[in-house]
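What follows is a single structure, written as structure tokens, with notes after it.
We number each residue from 1, following the sequence as shown. Treat the numbers as computed from the prediction; the structure is a model and nothing was measured.
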Amino acid sequence: MTASAPAKTQYEAVIGLETHCQLNTATKIFSSSSTQFGEPPNTLIDPVCMGLPGTLPVLNQKVLESAVKTGLALNCQIAPYSKFDRKQYFYPDLPKNYQISQYDLPIAEHGWLEIELVDKETNTATRKRIGITRLHMEEDAGKLVHGGSDRLAGSTYSLVDYNRAGVPLLEIVSEPDIRSGQEAAEYAQELRRILRYLGVSDGNMQEGSLRCDVNISVRPVGQKEFGTKVEIKNMNSFNAIQRAIEYEIERQIAAIEAGERLVQETRLWEEGSQRTISMRTKEGSSDYRYFPEPDLGPIEVSPEQLEEWRSQLPELPAQKRHRYEEELGLSAYDARVLTNDRAIAEYFEATLAAGAPAKQAANWIMGDISAYLNSNTGLNITDLALQPDNLAELIGLIEDRTISNAAAKTILPELLTKGGSPRAIVEREGLGQISDTGALETAIAEVLAENPNELEQYRNGKTKLLGFFVGQVMKKTGGRADPKLTNQLLAKKLNG
């Protein structure tokens with residue numbers, strides 16, 4: 001489905017995301033059962049999360065700490081006084097027939113996060129703030145497993161696993177400030193970066209640790225009123241978020257242009273057919289009959305506690321990106337790649353602290369080291385035998401022309417797997433770069449004598465053969481010739 005280009009330019013999308021983030025606490029939000037992922041069904045349950053009569057919930061202190069820190073990282077106002085509420089609804093995987101959540105007094109409100117859209121061609125970044133309406137704590141429900149199908153339609157029976165019931169969640173609701181699928185995907189990615197930097201969640205979408213629902217409508221450009229809102233569920237990757245939104249924008253514009261009436265509904269993203277399909281209509285907001293949770297007291301965060309948690313926040317991804325660009329002179333693309341993962345950013349900064357220039361350290365980490373990590377699934381940069389101070393030493397050997405870049409790449413595999421001093425390996429293997437003019441002139445003379453035909457062709461105007469002669473000198477010296485000096489001496493000899 002493709003809307004015509006002129007029609008698309010006459011409309012704009014209005015998009016907001018509701019994101020559920022599973023916290024990585026060891027135990028559940030109101031009980032002591034484990035939150036371990038992947039255990040046998042219904043083995044991590046207890047009377048509290050199952051809602052048995054006479055049980056009383058007790059708030060996990062770590063959940064409150066994670067919620068406040070996340071709210072601070074999202075520039076929210078932290079409520080000095082908030083409370084829990086009961087959200088009443090029936091569903092087979094909700095054993096109590098209500099969910100303990102927060103309604104009118106959430107823990108955090110009125111924040112924002114910054115997204116950065118990088119143009120790879122120009123290597124420039126466009127920054128935009130996306131408002132955060134609210135952040136609140138709640139418990140997760142269980143999980144339905146449909147027999148014979150991965151969806152309810154077509155299955156012959158359904159099973160319920162209550163292991164996830166009571167797992168702590170943060171629900172983060174954005175303002176409708178997003179205007180494209182690309183912006184929505186970047187918002188979700190930036191949110192995951194922040195959560196991972198804070199250490200409050202792994203943000204793994206495949207395991208359900210991060211789940212995003214998209215609310216989207218379109219309207220004519222210049223119109224203040226929102227169009228008919230559609231909710232999209234069932235997206236398990238950032239790429240799927242972007243593609244689902246792009247499809248839905250085109251679908252809604254095409255319907256409007258055809259004079260069809262859009263209905264408020266919930267739709268599913270169908271990965272196989274790359275389209276959204278209707279799940280259920282949603283003409284009005286549900287009445288969940290909220291009332292204050294009688295078994296939990298109100299939450300009060302003192303100014304002293306708030307400042308203590310604020311002081312524990314790390315430097316966040318956007319702050320690092322700004323610093324890398326403004327203070328280190330890195331491009332927007334380099335800064336984005338290096339800050340995507342906190343461990344990689346810390347490895348990079350440790351390499352700088354050991355004396356390496358920023359651009360050279362960035363190139364090695366983003367290039368050969370990242371390629372090695374990508375080819376070894378499950379390996380993290382913290383698992384490498386190559387320590388940051390050794391990487392700085394390797395870069396220093398190249399910078400002072402002790403070894404060539406090619407020689408550095410030769411010893412890199414050993415450094416990655418065994419570690420050790422690059423200088424010691426260079427000395428052991430005899431890889432030191434030849435920078436002696438006399439030795440290089442001797443090698444060049446031998447190469448020219450051995451290749452008279454190529455020499456004649458060069459002097460007859462085929463100057464691209466310079467690379468051939470450089471390669472032959474490198475071969476004769478075992479790759480140890482100083483490339484810059486070799487080029488200079490060769491050019492002088494060939495053109496003399």
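- Between the CE atom in Met279 and the OG1 atom in Thr266 there is a gap of 6.5 Å [rounded to 0.5 Å].
- For the pair Gln102 and Ile107, the tightest heavy-atom approach, listed with the atom from each and the gap, is OE1-N, 3.4 Å.
- To the nearest 0.5 Å, atom OH of residue Tyr324 and atom CG of residue Leu330 are 8.5 Å apart.
- To the nearest 0.5 Å, the span separating CD1 on Ile29 from OG1 on Thr35 amounts to 11.5 Å.
- Between the CD atom in Glu349 and the CG atom in Leu328 there is a gap of 8.0 Å [rounded to 0.5 Å].
- Counting non-hydrogen atoms of other residues, nucleotides and ligands closer than 6.0 Å to NZ of Lys128 gives a total above 12.
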*With salt bridge (Lys or Arg N to Asp or Glu O under 4.0 Å) as the test, would you mind laying out the steps for Glu190 and Arg192 before giving the verdict?*
CA-CA 5 Å; Glu190 183 68 7; Arg192 185 176 71 169; over 6 Å; no

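- For the atom pair OG1 (Thr382) and CG (Leu384), the distance works out to 8.0 Å, reported to the nearest 0.5 Å.
- Shown are Arg321, Arg336, Arg193; of these, the salt bridge (charged side-chain N to carboxylate O under 4.0 Å, His left out) with Glu116 is made only by Arg321.
- The line from CG of Asn239 to CZ of Arg243 is 4.0 Å long, rounded to the nearest 0.5 Å.
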*side-chain contact (heavy atoms from CB on, under 4.5 Å) between Ile299 and Leu105: does it pass, once the steps are laid out?*
CA-CA 10 Å; Ile299 304 161; Leu105 295 176; over 6 Å; no

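- Ring planes of Tyr103 and Tyr290: parallel class, angle under 30° (limits at 30 and 60°).
- A cation-pi contact, defined as under 6.0 Å to the ring centre and within 45° of the axis, links Lys409 to Trp364.
- A cation-pi geometry, defined here as NZ or CZ lying under 6.0 Å from the six-membered ring centre and within 45° of its normal, holds between Lys87 and Tyr288.
- Other residues, nucleotides and ligands contribute at most 12 non-hydrogen atoms within 6.0 Å of the CZ atom of Arg275.
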